[in-house]
Every structure is written in C-alpha cells, then in structure tokens.
Amino acid sequence: MQLLKAGQMFLGFILCVSGALGAERGICVLKGSSVNLTCFAENPAAPNTWCYLKENKTMCVVKEISEISASVTYNITEDGTLTIRDVKKSDEHSFCCQESCRECKNRTKLHVADLQVKVFPASEGQKVTLMCSSSCSLTESPAAFIWYQNGEFLYEDWSPWYQELVSSDQAVRYSCAVKGFEDLRAPDVSVDFIHPDCFSVTYLNGEMCPEKLKSAEAPCSITYPRDVRVEMLPKTDYVTLICKTSCPSADAHTAFTWYWNRKAFRDCTSQDIMLFESEDYVSCAVKNNEYMHSDEICTNSATVNYVSRSLCVLEGAAVNISSKYTKSHSSHPTLLSWYKLKRDMNEEIDVTIMEAGGRLEHHNIDHYEHTLTINNLMKNDSGEYMFTLNKYLISEQPDLLGAILVVTGLKVTMTPSDMVTKGQRVTLTCSTSCPLSEETTYMWFFNEEPLSLTGGHNKQVVLNPVRRHHAGNYSCAVIRSPQNISSTVKLLTVRDGDKTATAAMNITKIVFLLLLPLVGCKLYLMLRKRKTATRRVKASENVATEEVTSQYESLPLTDRNARAAGGLEDRQQDIV
C-alpha cells in the first residue's frame with residue numbers, strides 16, 4: 001500500500017477557519033462503491049442528526065444531509081451509522097453526527113477516488129511503464145490489483161505497477177481494478193506513440209482527460225513530455241521560473257504542479273511562476289504524473305535530487321538508493337541521514353530512520369553524493385526513501401516524493417492455465433511485480449534440469465503444441481552475480497482430452513463391438529435367404545419351360561405339316 005500512496009496525486013483541501021469546527025479525519029473510497037460513516041457524537045445516547053459542511057472558497061455552511069439532494073439516498077441505521085451507496089464525486093463533503101447542525105465537530109472528510117492507469121516514461125528510450133493509481137490513498141488497503149488487456153483478465157498482484165515495460169501499440173488497451181471491486185475498472189488506456197522526447201496516451205473515457213480536452217462521450221489523446229526541468233529567468237526584483245519540457249508540442253494542454261519549499265503549490269498549474277529572490281527550494285512536475293519531476297533548484301543553497309526516483313529490484317538482491325546535491329552542503333555528513341516514509345490519508349507521515357548496520361550501509365562521497373545500500377532485500381523493504389537533515393523537515397514537506405523502491409519476487413505464470421489439453425498452446429512467463437530492465441537475462445528449469453533455449457532473454461517459453469512429455473515442474477531464475485535468484489516451482493499438467501468425451505467414445509466403441517456380431521449375423525441370414533429365394537425362382541422357370549417343350553414334342557410330325565399347308569392355302573385364297 002505504501003507504493004500506491006507514493007504514486008498518487010495529492011488532493012487540495014478547502015480549509016474553513018473556525019475554532020468551533022473541531023478535528024477532521026479523512027477517508028478515501030472508490031467512486032461507485034459503498035461507504036459506512038460512524039457517528040462520533042459527543043453524546044451517543046441523545047438523538048443525533050447527520051450534517052455536512054457545504055464549502056466554497058470563502059465560507060462553510062453546516063446543513064442537514066436531507067438538504068443535499070432529493071435524488072440522493074442515504075441510509076442511517078439504528079446505531080447511527082450513515083451508509084452511502086454508489087458514491088459519487090458530488091458526495092465529497094465533511095460529515096458529522098451531533099445533536100444539532102449549528103456547528104460540525106468531529107468531522108469525517110469523504111474523498112472519492114477515480115481509478116486510473118497512469119503512464120510514465122521508462123529508462124529504456126522506446127518504452128513506458130504503467131501503474132494502477134487512485135486520486136487519493138484508499139482507506140481500505142487493496143488485497144491485490146487486477147490488470148486487463150483488451151478487456152480480458154491478465155493477472156493479479158499485490159503491486160500497483162504493471163509487470164512489463166510497454167511499447168506503443170494503439171490496438172492494445174490496458175485497464176486495472178482493485179480486487180473485490182472488479183466492476184469499478186479504470187478507463188482503458190492505449191499508448192499511441194513513443195518518441196525520444198514525447199509519448200502519447202489515449203484515454204477511452206474522457207472524464208480522465210484535462211479540462212481543455214475533456215468530453216464524456218469521446219476519448220482524448222494526450223501528449224506527455226519525457227523530461228521536465230526548471231529554468232530561471234532573473235529580473236530586478238523577482239525571479240521568473242519556467243517548467244521547461246522535452247516536448248514543446250505538449251505544453252499547450254499540459255498542467256503542471258509547482259513545489260515551493262518542497263510543498264505543493266496547489267493553486268498554480270501554469271507553466272511559469274514568479275518569485276521574489278530568496279533561498280526558496282523550487283521544483284515542478286507534470287500534474288497527475290508526478291514521476292515526471294524536475295530536479296530541485298535554489299539560488300543560494302545546495303539542493304538534493306535523486307539519481308533514480310523509481311527502482312524495481314529482485315528480492316534477495318542488493319540496491320543502491322542515491323541522492324546527489326548540486327553543490328557542497330554546509331552540514332556535516334553525520335548529521336544527514338536516510339529515512340523511510342509511510343504516508344496516510346490525513347497527510348501524516350510515519351518516519352523511520354535507516355541507521356547503518358546489519359543489511360544497511362551508508363556511503364558518502366564528499367558533501368555531494370550519499371548512497372543507502374540495502375543488502376538481501378525483502379518485500380517489506382518496498383517503500384519511499386528520503387535523504388535529509390532530520391525527520392522533522394520531512395513532516396514539513398509532505399508533498400514531495402522521495403525515491404520509490406519496489407522489491408519483487410519471481411513466479412512462473414502459465415497461460416491459459418496450469419492444466420491444459422494435449423495440442424494446446426501454452427505460454428510460460430517469468431513474472432515480477434514491477435518491470436525489470438529489458439537487459440535482464442532469465443534461465444529456465446524443467447524438473448530441476450536446465451532448459452536449453454535459443455534467442456532473446458527468454459522471459460517467456462512457448463510450448464506449441466503442448467505434449468504429454470511437457471508435463472512437469474517448471475521454475476525460472478534471473479542470472480546475477482554472486483547468485484542466481486530463482487522462483488518457486490510450478491506444476492504443468494497435460495491431459496489427453498476431455499474425460500467426458502473420452503468416456504463417451506469408449507462406450508460407443510464397446511457398444512459397436514458388441515453389436516457388430518449381431519449385425520453381421522443378421523446380414524448373413526438376409527443374404528442366405530435371398531439366395532434361397534433366387535434358386536426357387538430359377539427352378540420354377542425351368543419347370544415351365546420343360547412343360548411347354550414337351551407339349552410341342554407330343555404333336556405328330558404329319559399333323560404339324562398339315563397345319564402348315566392349310567395355313568398356306570388360306571393365305572393364298574385371301575390374296576386372290
């Protein structure tokens with residue numbers, strides 16, 4: 001959850017100055033989900049009413065929730081809990097439960113989060129990386145994040161980062177969801193093109209687009225710069241600062257976030273600002289894409305920046321997290337230290353000092369570069385790290401991100417599944433919780449024996465078609481010195497076919513074999529009967545012929561001649 005919080009944009013709160021309003025706690029839920037708000041009334045036994053603060057830029061008015069909208073249905077249970085179903089952005093209010101709505105004490109601020117696939121440039125020139133992010137830190141930590149490609153389920157994992165580096169392809173759409181809320185997916189995103197200075201992203205839902213490009217009915221395409229920097233233009237009484245980008249064509253519709261003394265200057269999204277000359281620390285970022293962050297500048301003091309703001313490292317390996325000052329700082333290195341940060345919804349930060357010893361090492365190069373080395377990495381080492389003079393300065397700069405570390409293991413995933421039918425195509429992938437460098441080399445094992453593979457770095461193995469002898473245990477490893485880091489073993493099961501169909505075919509064969517003698521016998525009897533009948537017919541014909549012949553043979557020869565002569569005389573008389 002630390003990674004999700006570190007990767008989310010920060011919300012601006014409207015502050016109502018009133019000593020009577022009391023403390024405020026915050027919760028963040030997904031848009032479209034349901035939420036239960038507990039009644040924190042000073043006198044729970046008394047009849048209490050749910051109220052909310054109606055806010056604008058100048059004032060706050062306390063009203064009963066029944067006045068919000070006639071179309072909005074809120075449900076209050078017997079114990080005083082307020083349930084809001086199908087939460088919308090319009091429900092973002094500060095709620096309180098008390099005897100009357102003259103004032104609002106013990107408030108609960110409801111933040112409604114949009115889920116979004118964020119796209120950041122990767123160190124590889126023609127690649128980007130993806131993250132499943134919400135616009136505020138979800139109060140209920142997600143059990144897992146689910147990724148989809150072209151609407152089809154891909155995988156689920158604890159990390160919000162997409163496992164692969166992504167190339168441009170307009171035909172491929174990416175989306176994500178929080179486990180348990182699969183019907184509340186982020187709008188689809190496609191990466192249109194990636195250039196050395198720019199990359200373009202299309203959002204299927206126009207609601208995720210900037211105001212200048214927003215259209216609820218149609219998608220929008222946004223061109224982002226791959227790099228930003230602060231440029232200073234000195235004047236007589238003030239300094240003009242410009243957030244320069246590597247992609248001038250994107251500047252027209254790009255919104256920026258400025259950090260002044262390491263706090264977000266929320267009311268300014270323009271590309272330039274003006275400041276009076278001072279020792280202020282200033283940096284800028286692309287709004288909603290905070291990993292595209294400039295180096296920090298200051299006119300009179302040393303500023304600290306990070307060699308890399310995002311690190312993906314394998315479990316069991318070692319990592320170097322480095323900060324670098326622009327010039328030598330006055331503080332003694334022993335007064336500076338590394339800290340691990342954990343943020344919560346109420347903008348409070350839990351800070352842990354990373355003292356040298358055990359798995360941790362500190363390396364200082366003069367007064368310029370400072371490195372934290374963590375050996376034998378564990379998954380709970382994932383988080384945000386910052387280098388500064390003392391932890392109290394961190395609490396004063398809650399918006400500025402440090403370096404984000406993701407520690408990942410290796411696991412074998414099988415597509416379409418780990419139980420397949422002979423003849424199918426099966427893809428084995430050595431999966432991680434964040435994208436490793438494309439130069440990473442993988443090794444595969446089958447039943448604990450190395451697989452001999454050719455071509456590429458072999459992150460994937462394709463069995464097409466899969467055969468019975470492919471069934472067995474598979475594992476993968478990343479080749480590293482001094483040791484190979486490997487995954488757990490996964491079993492691939494290969495079946496001959498559908499058991500039901502096979503059983504039906506076997507039954508059909510048995511029935512056929514049983515009926516075959518009977519059918520043969522029947523045919524034999526029919527043929528034999530037909531032959532017998534044929535013989536009888538022929539015998540009858542022979543008997544009739546013999547009878548006719550015997551009749552002719554019984555006539556005397558003289559009679560036959562006389563009959564012939566008489567016939568001749570008759571014909572002669574007819575002619576006459």
Side-chain angles (χ1 to χ4, degrees), residues 7-10 116-131 133 135 161-162 164-174 186-215 218-233 240-259 264-266 268-274 282-297 303 305-310 400-401 404 435 437-438:
Q8 292 158 343
M9 74 175 181
F10 304 95
Q116 179 182 0
V117 175
K118 289 191 175 181
V119 185
F120 304 101
S123 56
E124 284 82 354
Q126 297 300 315
K127 299 284 185 177
V128 294
T129 184
L130 310 178
M131 188 178 77
S133 177
S135 53
W161 293 92
Y162 188 63
E164 306 289 337
L165 295 174
V166 174
S167 302
S168 59
D169 189 345
Q170 295 181 8
V172 181
R173 295 175 285 105
Y174 301 93
D188 283 358
V189 167
S190 64
V191 181
D192 301 338
F193 67 81
I194 303 174
H195 291 166
D197 299 324
C198 312
F199 63 95
S200 178
V201 178
T202 293
Y203 296 94
L204 187 65
N205 186 340
E207 288 296 323
M208 305 306 297
C209 303
E211 290 295 332
K212 296 177 182 178
L213 302 173
K214 185 174 288 187
S215 171
C220 74
S221 293
I222 304 176
T223 300
Y224 291 107
R226 292 184 61 87
D227 183 54
V228 293
R229 68 186 187 278
V230 176
E231 186 174 296
M232 183 182 298
L233 301 177
T240 300
L241 301 174
I242 302 175
C243 194
K244 284 282 188 177
T245 73
S246 60
C247 184
S249 62
D251 293 351
H253 59 254
T254 300
F256 298 89
T257 300
W258 284 93
Y259 295 85
F265 192 49
R266 304 185 190 281
C268 180
T269 59
S270 63
Q271 193 172 5
D272 60 281
I273 61 172
M274 290 186 296
V282 181
S283 61
C284 69
V286 175
K287 190 174 182 180
N288 296 341
N289 281 52
E290 56 281 342
Y291 283 93
M292 286 182 279
H293 198 121
S294 75
D295 285 344
E296 189 178 56
I297 69 165
T303 57
N305 297 292
Y306 298 94
V307 175
S308 178
R309 287 188 178 271
S310 179
L400 192 65
L401 286 176
I404 308 300
S437 168
E438 289 195 315

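In what follows, every heavy atom counts, from backbone to side chain, and hydrogens, waters and symmetry copies are set aside.
N289 places a side-chain N or O within 3.5 Å of a backbone atom of V119 that can act as its donor or acceptor partner. Checking side-chain atoms of N305 against main-chain N and O of E296 turns up a donor-acceptor pair under 3.5 Å. At least one donor-acceptor pair closer than 3.5 Å links the side chain of Q271 to the backbone N or O of C243. Looking at W258, its side chain never comes within 3.5 Å of a backbone N or O of A285 through a donor-acceptor pair.
The two residues P121 and V128 come nearest to each other via the heavy atoms CA-CG1, 4.3 Å. Heavy atoms only, all atoms of each residue included: P225 and F199 are closest at O-CE2, 3.8 Å. Minimum interatomic distance between T129 and W161 (heavy atoms only, all atoms of both residues): OG1-CE3, 3.9 Å.
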For this session: Apply the test side chain to side chain contact (heavy atoms under 4.5 Å, CB included) to residues Y291 and K118: give CA-CA distance (whole Å), side-chain angles for both, the deciding distance (0.1 Å), then the verdict.
Result: CA-CA 10 Å; Y291 283 93; K118 289 191 175 181; over 6 Å; no
Problem set entry | V166 vs Y174, side chain to side chain contact (heavy atoms under 4.5 Å, CB included): CA-CA, chis, key distance, verdict | CA-CA 10 Å; V166 174; Y174 301 93; 3.4 Å; yes
For this session: Please assess T245 against Y224 for the test side chain to side chain contact (heavy atoms under 4.5 Å, CB included), listing each intermediate value before the final yes or no.
Result: CA-CA 9 Å; T245 73; Y224 291 107; over 6 Å; no
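Remark: D197 pairs with S246 by the side chain to side chain contact (heavy atoms under 4.5 Å, CB included) rule, at least two apart or across chains. Listed by chain and number, the residues in a side-chain hydrogen bond (donor to acceptor under 3.5 Å, both in side chains) with S249 amount to none (sequence neighbours excluded). E164 is linked by a side chain to side chain contact (heavy atoms under 4.5 Å, CB included) to Y162, T429, K459, counting only residues two or more places apart in sequence or in another chain. The side chain to side chain contact (heavy atoms under 4.5 Å, CB included) check on Q170 picks up D192, with sequence neighbours excluded. For R226, there are no salt bridge (charged side-chain N to carboxylate O under 4.0 Å, His left out) partners, not counting sequence neighbours. The side chain to side chain contact (heavy atoms under 4.5 Å, CB included) search around S167 returns K127, not counting sequence neighbours.
Note: H195 and F193 meet the aromatic proximity criterion, with ring centroids under 6.0 Å apart.
Side-chain atoms of V286 and V228, non-hydrogen and from C-beta on, do get closer than 4.5 Å to each other. Within the 4.5 Å cutoff, the side chain of I404 has no heavy atoms near those of the R309 side chain. Side-chain contact between Q126 and P196 is present, with heavy atoms from C-beta onward closer than 4.5 Å. In this structure, the side chains of T240 and M232 stay at 4.5 Å or more apart for every pair of heavy atoms. With a 4.5 Å cut-off on side-chain heavy atoms, T223 and C247 count as touching. In this structure the side chain of I297 reaches within 4.5 angstrom of the side chain of L241, judged on heavy atoms. Taking the side chain as every heavy atom from C-beta outward, P187 and Y203 never approach each other to under 4.5 Å.
Counted by atom type alone, S283 and S294 present zero donor-acceptor pairs between their side chains at under 3.5 Å.
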